[in-house]
Every structure is written in structure tokens, then in C-alpha cells.
Amino acid sequence: MARKWWQDAVIYQIYPRSFQDSNGDGIGDLEGIRSRLGYLKDLGVDAIWLSPFYKSPMKDFGYDVSDYCAVDPIFGTLADFDRLLEDTHKRGIKLIIDLVPNHTSDQHPWFVESRAGRDSPKRDWYIWRDPAPDGGPPNNWMSFFGGPAWTFDAQTGQYYLHQFLPEQPDLNWRNPEVRAAMYDVMRFWLRRGVDGFRVDVMWLLVEDALFRDEPENPHWQPGMWDRGRHLHIYTEDQPETHEIVREMRQVLDEFDGDRMMVGEIYLPYEQLIPYYGTPERPGCHLPFNFHLITRGLSNWTAENLRRIVEEYQASLPAWATPNWVLGNHDQHRLASRIGHAQARVAAMMLFTLPGSPTWYYGDEIGMVDGDIPPGKVQDPAALRQRGLAGDQGLDPGRDPERTPMQWTPFTYAGFSTVEPWLPVNPDYPERNVETQDADPESMLTLVRTLLVVRRETPGLLEAPYESYKAPEGVFAYLRGRVVLAALNFTAEPKTLAVPPGEILLSTHLDRYGVVENALELRPNEGVILRLQ
């Protein structure tokens, strides 16, 4: 059977607010993204994933949707979106958009109608509960953004559920009318021609029908994250979620062109893998595998990374497509977490493992976490938890990884002609696309070259993964016994016994040629070797 496009696709995530401003308001937009499609084509990515651009009050910067079938004016218009989609396809690139099905904005007409009264036809579209006997929240569930996951509505005398901000009420996915409405939203965009969806918080769509208190987390201590107080056996990964995922897959399968979905799911492998479904009852095409982030970046060693990769490979059914992620809009920047030298090694690992990798905008030039002064913090999660705790600390939350793309060494890094919504990182005069484009050994040159090697080397797309013996501090693996990737995760030179082969690429971008029996790896170096 022919492979589908998404089985090997390099997916490039764009946070629209921060990619390119085309109209001088300091906020990125759809026309700005369209103007940079040539850059993305040259980079070599196969698909673009856009974070939300829907109409929204922007309490959570687009993840609070007030109209799923409209573009917010700060990003442009539906006509702008159609032009972007057309031009993306003309360049041979797929377009994936965010779907935010767990919650809406409190300004969405559905919720406005739902909270109008207990007898509202849409009352059951959201999750309403009577107060506890003491008048407090119905149970002990906590929000991801701090404080209880319940807000009291004085007009109707009940609490509504929100796993994020109070302005983001959770939809009731047990209601078939909600499901039908959201599937129609999917069809709206699929008819326009989008190639798929990244489904936000897929593992949170359903909660316990009995609304039971969650058990205490014995490892939680005061000062830790609010939501960490409990073990989330009643608000995450409920069995009914898999039925919904299968229904979403059926909607996608109504359309030709191999439409697909990627699911945001932060779960252990044994809970993650079932989201693929089965060949007879397929589910999510690519349930996001975040383990390189959640378990890898905090213990960035060859031995730990090998363990993570091989546990995943062993867990996957033979028919399921692997996927790998090293960064996104909710995680601190790759180069800030492991340093620039190892970020190059990480890129080689990501693009030589089997399956589909996802790359976060700006990581190809080694962007680091931005410097966000206290008065410039925008992230509602950071602001809310600071306020709830009465803490005047300076934690900028998720803002550092969302700073504007650094295109040029000139004012505002070529992102905008005015001060952007978040400060441009101070290192932009040295770290930017224009400067790295002219440097044959830059991070940008490495990523571009990696993607060429990935496309043009038999074995790097379809061939299976096989472990390869390596000295301490080196992670090495074969792809189909044709290609060997050898990655040095230490600051010391290492020697690896290898069959005769040809060096296709070094992360240092300074050597090629034949290797006979031993591969000498320099500190922080990765090498792709084509075996003879």
C-alpha cells in the first residue's frame, strides 16, 4: 500500500501572532504568513500547522473561540485564509489548522444562550452543576490555569466547568448535538481544502459522568502548580474519548486527499497508543508523542533518549506511524533548554527517526526564550496564577517561547514596522534568518541540509529503526541497515565502531568522505553515515 503524505511529513508549527506582521499593527497575520511561504518552501517542510486564527476575544490568544467559522480581524479575513491555502498548495505544502473542540469562549453564541437560563435549549451544551452543600464548587477539580475548574454563575445559581480560564467554558461532549455541531465545523474547513487538524487537548474532551473528587497527589507540595494537587483520573483520558476520536476520523474520511489529524495528548505510552485506534476502527492519525519534551529535555543523555525512543518503538503497533516533537508554543525553547551545540544534535535526531517530526517556528535559527519584562507579560496562565497566589513574582509563563520570529538584523527583527505584541528577543541582531542564510555553517543551513538529506536518502523515510551498539554518551541507530545515525550527547570525543560507509552530513557541516572501520565523533557532533 502506498504511503500517505502525513506518514513522513515534516510539520512546521506557526504561532500566527508571532510569525510576520503585514499591516503594521505589531501582530502577525495570515498575509504575513503568505509572504513567507517561499522561506518555508526553501526550508523544506512538508506541512504547516497554524495555531488558532479564529474570531476570539483573545483572553487566551485564540484558544477561546467565539466563532469557529470566521477569521479574527487581527489576523485578516476568510479571503486572506483562502489565498494562503491556495498559495500553500501551489508550493506543494499541506496546511493543517488548529481545532479547539474542548471549550469555547464565554462570548460564543452557544455559551451566551446556555447561560441565559436553566431551561435554555443549549443549557446542556456545557457542563453545569449545582453548588456543593457548603455553596462551593461541585468538586475538587482544578484548572490548568490555576484555581478551581468551576465558576459560579449568579444568574442561574449553578457552576460551569472550565479546565482553563473562566472565559473558556468546557463543552459537554456527551451531548450528541455538540458533537454534530463540532463535526460541521470540521466539514466547513475541510470543504475549503485544509489538509487536516491539530486537535487541541484531545485527551481532555470528556470528564467523569459522576463528577467524583480526584484523589490527592502524594507528591504535591505547597508552591507547586495548582493542578498538580490531584491525580487526574476523572478529568483526563476517559474511555468515551476514544469514541469521539473515531467519529472525528470518520468525518475526515468523508473527504478525499488523505485528510488527517494530529492529537494533542500528554499521556504515558500505554495511554497514548490507544488513540491510534485499530485498523478496523481507526482513530487519530498521529497522537502527539511529547516524550522527548516531557522526559527527554530534562535528562538530555544518550541513554535516556535511547530508552524513550525504544520504549515508543516497542509500544507502537506495526501499522501505526511514529511522530516526534521537540518544541511548541507551550514549551520553553529547545536551545534554551539544552544549548545551541546540542540543539544541532537534537535536530539531526528528530529528522532521522522514523515517522513524522514536528518543528516549532524559529528553532531552525536557534531562537532562545525571550526576555519578557514584568510589565510586558501577556500569558493569561502566568498572570492568573500569579494573581491567585498573591505572588508578585516575575514568571512570564509561556511568553518566552512565543516571541516574534527573527528575520533580519534590523528594527523589530523584520517582523513588524512597529513595536510587536511581545518584545523581540535582544539577540536578534546576531540571530536571524538573513544572517544565517549567508552562513554555510549556521543552524539554518544545517536544518535545510538535514531536510534535503532526509528526502533524498533511501532508508530515512520508510526503513525501520534498529538499535546500534555505541559507547556511553552516544545514541546510534540504523535505518534499514542502510543508514546509520550516530549522535554524541557529550562534550567529549567518542569513537564508534562502524562498517565502511560515507559521511552524508555532520552537524558541524564541515566534513564528508569515506569512513572505514571507526567513526570519530567530536564533542556535540552528530553524523549521518550511508553504509556501503
- Answer yes or no on whether Arg333 is positioned over the face of Tyr361, meaning its NZ or CZ is under 6.0 Å from the six-membered ring centre and within 45° of the axis.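 The answer is yes, since Arg333 meets both limits relative to Tyr361.
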
- Message: Evaluate Thr403 against Ile372 for side chain to side chain contact (heavy atoms under 4.5 Å, CB included), listing each step before the verdict.
- Response: CA-CA 9 Å; Thr403 56; Ile372 313 295; 3.9 Å; yes

Keeping the roles fixed (side chain from [X], backbone from [Y]), state whether a donor-acceptor pair exists under 3.5 Å.
X: Arg431; Y: Ile365; value: yes
X: Arg259; Y: Val251; value: no
X: Tyr266; Y: Trp203; value: no
X: Gln342; Y: Asn488; value: yes
X: Asn328; Y: Gln331; value: yes
X: Ser143; Y: Phe164; value: yes
X: Gln7; Y: Thr321; value: no
X: Asp379; Y: Arg398; value: yes
X: Glu214; Y: Tyr234; value: yes
X: Tyr269; Y: Ile308; value: yes

Taking the side chain as every heavy atom from C-beta outward, state whether [X] and [Y] have any atom pair closer than 4.5 Å.
X: Ile14; Y: Met405; value: no
X: Ile127; Y: Glu207; value: yes
X: Val447; Y: Leu43; value: yes
X: Arg337; Y: Trp300; value: no
X: Pro322; Y: Leu316; value: yes
X: Asp399; Y: Lys376; value: no
X: His340; Y: Met443; value: no
X: Asp427; Y: Val368; value: yes

- Item | CZ (Arg481) with more than 12 external heavy atoms under 6.0 Å |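 Incorrect, the count does not exceed 12.
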
- Query: Is it the case that more than 12 heavy atoms not belonging to Arg281 sit under 6.0 Å from its CZ atom?
  - Reply: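 No, not enclosed.
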
Working to the nearest 0.5 angstrom, can you tell me the gap between [X] [atom1] and [Y] [atom2]?
X: Met202; Y: Asn102; atom1: CE; atom2: CG; value: 11.5 Å
X: Leu484; Y: Glu466; atom1: CG; atom2: CD; value: 10.5 Å
X: Ile244; Y: Met182; atom1: CD1; atom2: CE; value: 10.5 Å
X: Asp237; Y: Leu205; atom1: CG; atom2: CG; value: 11.0 Å
X: Arg448; Y: Ser442; atom1: CZ; atom2: OG; value: 7.5 Å
X: Gln163; Y: Phe145; atom1: CD; atom2: CZ; value: 11.0 Å

If only side-chain N and O atoms count, and only distance matters, is there a donor-acceptor pair under 3.5 Å linking [Y] with [X]?
X: Asp98; Y: Tyr54; value: no
X: Ser51; Y: Arg402; value: no
X: Tyr39; Y: Glu364; value: yes
X: Glu270; Y: Ser315; value: no
X: Tyr126; Y: Thr104; value: yes
X: Asp363; Y: Tyr12; value: no
X: Glu236; Y: Gln271; value: no
X: Asp60; Y: Gln168; value: yes
X: Gln13; Y: Trp49; value: no

For [X] and [Y], which heavy atoms make the closest approach, and how far apart are they?
X: Pro16; Y: Pro52; value: CG-O, 4.3 Å
X: Val309; Y: Leu292; value: CG2-CD2, 4.5 Å
X: Asp170; Y: His162; value: OD1-CA, 3.5 Å
X: Arg17; Y: Trp421; value: O-NE1, 3.2 Å
X: Pro396; Y: Val377; value: CA-CG2, 4.0 Å
X: Asn304; Y: Asn299; value: ND2-O, 3.0 Å

- Should Arg384 and Glu167 count as an ion pair when the cut-off is N to O under 4.0 Å?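 No.
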
- Item | Sidechain N-carboxylate O distance under 4.0 Å for Asp64, Lys59 |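 A salt bridge is absent here (no side-chain N lies under 4.0 Å from a carboxylate O).
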
Aromatic ring pairing [X]/[Y], orientation class (parallel under 30°, perpendicular over 60°, tilted between):
X: Trp407; Y: Phe19; answer: perpendicular
X: Tyr159; Y: Trp150; answer: perpendicular
X: Tyr63; Y: His329; answer: parallel
X: Trp6; Y: His285; answer: perpendicular
X: Phe290; Y: Phe288; answer: tilted

- Could you please spell out the steps behind the side chain to side chain contact (heavy atoms under 4.5 Å, CB included) verdict for Arg344 and Leu509? CA-CA 10 Å; Arg344 298 172 77 103; Leu509 294 170; 3.6 Å; yes

- Task: Could you give me the CA-CA distance, side-chain angles and deciding distance for Glu240 and Trp173, then say whether side chain to side chain contact (heavy atoms under 4.5 Å, CB included) is met?
- Result: CA-CA 9 Å; Glu240 297 90 339; Trp173 273 86; over 6 Å; no

- Could you give me the CA-CA distance, side-chain angles and deciding distance for Phe197 and Trp189, then say whether ring pair (Phe, Tyr, Trp, His ring centres under 6.0 Å) is met? CA-CA 9 Å; Phe197 300 98; Trp189 293 103; 8.3 Å; no

- Name of the residue among Val65, Asp200, Leu161, Leu171 meeting side-chain contact (heavy atoms from CB on, under 4.5 Å) with His103: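 By the side-chain contact (heavy atoms from CB on, under 4.5 Å) criterion, His103 pairs with just one of Val65, Asp200, Leu161, Leu171: Asp200.
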
- Task: Check step by step if side chain to side chain donor-acceptor pair (under 3.5 Å) holds for Thr241 and Tyr275.
- Result: CA-CA 9 Å; Thr241 310; Tyr275 281 83; 4.5 Å; no

Under 3.5 Å donor-acceptor pairs involving side-chain atoms of residues 467-475, not counting sequence neighbours:
residue: Ser467; atom: OG; partner: Arg306; partner atom: NH1; Å: 2.7
residue: Ser467; atom: OG; partner: Glu310; partner atom: OE2; Å: 2.9
residue: Tyr468; atom: OH; partner: Ala497; partner atom: O; Å: 2.7

